[in-house]
Amino acid sequence: MGCVGSSQAKSEGNPKKICKPKPWKHPQPITKSQLMQLRDEFWDTAPHYGGRKEIWDALRAAAEADPTLAQAIVDSAGVIVQNADMTVCYDERGAKYDLPKYVLSEPTNLIQDN
C-alpha cells in the first residue's frame with residue numbers, strides 16, 4: 001500500500017501520513033546482515049552530527065515500526081515529518097534529521113544470507 005495523498009486535517013501536528021519509501025536499489029546487491037550492519041552504524045553515529053538523542057531514538061523506533069505505529073511515535077516525540085517517507089524530519093527546535101532509505105526499507109536488490 002503506497003502513500004495516499006496527505007490529509008490536511010484540522011488538527012494541529014503532522015499533515016503528512018507516514019509511508020515507506022518508494023522501491024529503491026542499493027548500488028550493489030546487499031545481504032540482510034550487511035543491511036543490518038549499515039543500519040546499526042548509521043544509528044550509532046547519527047546523534048554525533050547534531051540533533052537530540054531522544055529524537056534520534058524516536059526516529060529509529062519509527063523507522064523500524066509499521067507506518068501506523070511510526071506515525072504515533074513521531075507525533076508523541078514532536079517530530080515534524082517533512083517527507084512522507086521520513087527521509088527528512090525536523091524537531092520542534094528546527095534541527096534537521098536526514099534518514100537514508102536503507103534505515104527505512106529494504107532495497108529491491110536485497111539478497112538472502114546463506
Side-chain angles (χ1 to χ4, degrees):
M1 196 164 94
C3 267
V4 182
S6 63
S7 59
Q8 296 292 337
K10 287 178 226 32
S11 65
E12 291 298 307
N14 287 327
K16 295 226 179 1
K17 285 275 171 257
I18 289 175
C19 61
K20 292 290 180 190
K22 291 182 177 65
W24 61 280
K25 209 171 175 172
H26 196 266
Q28 297 88 31
I30 186 172
T31 66
K32 181 90 174 173
S33 54
Q34 288 170 316
L35 181 65
M36 296 321 249
Q37 187 178 351
L38 268 178
R39 288 177 176 179
D40 286 342
E41 284 169 10
F42 173 79
W43 294 118
D44 288 347
T45 58
H48 301 293
Y49 296 110
R52 291 163 32 217
K53 175 148 185 7
E54 63 271 22
I55 299 290
W56 283 115
D57 290 346
L59 288 172
R60 181 174 191 168
E64 293 170 355
D66 67 72
T68 309
L69 182 57
Q71 186 79 54
I73 293 167
V74 297
D75 286 349
S76 64
V79 174
I80 296 123
V81 178
Q82 180 72 40
N83 294 350
D85 63 4
M86 284 180 53
T87 50
V88 180
C89 300
Y90 293 88
D91 66 20
E92 291 147 322
R93 297 178 189 167
K96 186 177 182 185
Y97 300 81
D98 287 304
L99 301 186
K101 285 194 173 111
Y102 65 76
V103 302
L104 298 164
S105 66
E106 295 178 345
T108 54
N109 57 343
L110 187 72
I111 44 183
Q112 295 305 313
D113 291 306
N114 292 332

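This one's a predicted model, so the numbers in the text were calculated from it and none came from an experiment.
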Report task. Answer whether the closest heavy-atom distance between the side chains of Y49 and T45 falls below 4.5 Å. Result -> yes
Report summary line: Taken to the nearest 0.5 Å, the spacing of E106 CD from K101 NZ works out to 15.0 Å
Report summary line: Taking every heavy atom of Y97 against every heavy atom of G51, the minimum-distance pair comes out as OH-CA, 3.3 Å
Requested in this report: Determine, step by step, whether I80 and D91 satisfy the side-chain contact (heavy atoms from CB on, under 4.5 Å) criterion, reporting the C-alpha distance in whole Å, the side-chain angles of both residues, the deciding distance to 0.1 Å, and the verdict.
Outcome: CA-CA 6 Å; I80 296 123; D91 66 20; over 6 Å; no
Report task. Find out whether L35 and Y102 are in side-chain contact, i.e. whether some heavy atom of one side chain is under 4.5 Å from a heavy atom of the other. Result -> yes
Report task. Would you indicate whether the side-chain heavy atoms of L59 and C89 approach each other to under 4.5 Å? Result -> yes
Requested in this report: Under the salt bridge (Lys or Arg N to Asp or Glu O under 4.0 Å) rule, what do D40 and R60 come out as? Steps first, then yes or no, please.
Outcome: CA-CA 10 Å; D40 286 342; R60 181 174 191 168; 3.0 Å; yes
Query raised in the report: Do Q82 and K96 come within less than 4.5 Å of each other through their side chains, counting heavy atoms only?
Result: no
Requested in this report: Would you check, one step at a time, whether the test side-chain contact (heavy atoms from CB on, under 4.5 Å) holds for T87 with D98?
Outcome: CA-CA 6 Å; T87 50; D98 287 304; over 6 Å; no
Query raised in the report: Is there a donor-acceptor contact under 3.5 Å from the side chain of N83 to the main chain of M86?
Result: no
Query raised in the report: Do the side chains of W43 and L99 get nearer than 4.5 Å, heavy atoms only?
Result: yes
Query raised in the report: Are V79 and I73 joined in one hydrophobic group, where the rule is that I, L, V, M, F, W and Y side chains link up if heavy atoms are under 4.5 Å apart?
Result: no
Requested in this report: Could you tell me whether the side chains of T108 and W24 share a donor-acceptor contact shorter than 3.5 Å?
Outcome: no
Report task. Determine yes or no for a side-chain-to-main-chain donor-acceptor pair under 3.5 angstrom, with D85 supplying the side chain and C19 the backbone. Result -> no
Query raised in the report: If you take all heavy atoms of A70 and A62, which pair is closest and at what distance?
Result: CB-O, 3.3 Å
Requested in this report: Determine whether V103 and I30 fall in the same hydrophobic cluster, where Ile, Leu, Val, Met, Phe, Trp and Tyr are linked whenever their side-chain heavy atoms lie under 4.5 Å apart.
Outcome: yes
Query raised in the report: Under a 4.5 Å cut-off applied to non-hydrogen side-chain atoms, are Q112 and K32 in contact?
Result: no
Report task. Could you tell me whether the side chain of V81 reaches within less than 4.5 Å of the side chain of Y90, counting heavy atoms only? Result -> no
Query - Heavy-atom donor-acceptor pair, K20 side chain to L104 backbone, under 3.5 Å - result: yes
Query raised in the report: Between L110 and T31, is any pair of side-chain heavy atoms under 4.5 Å apart?
Result: no
**Report entry** Closest non-hydrogen atom pair between R52 and E54, with its separation
**Finding:** NE-OE2, 3.0 Å
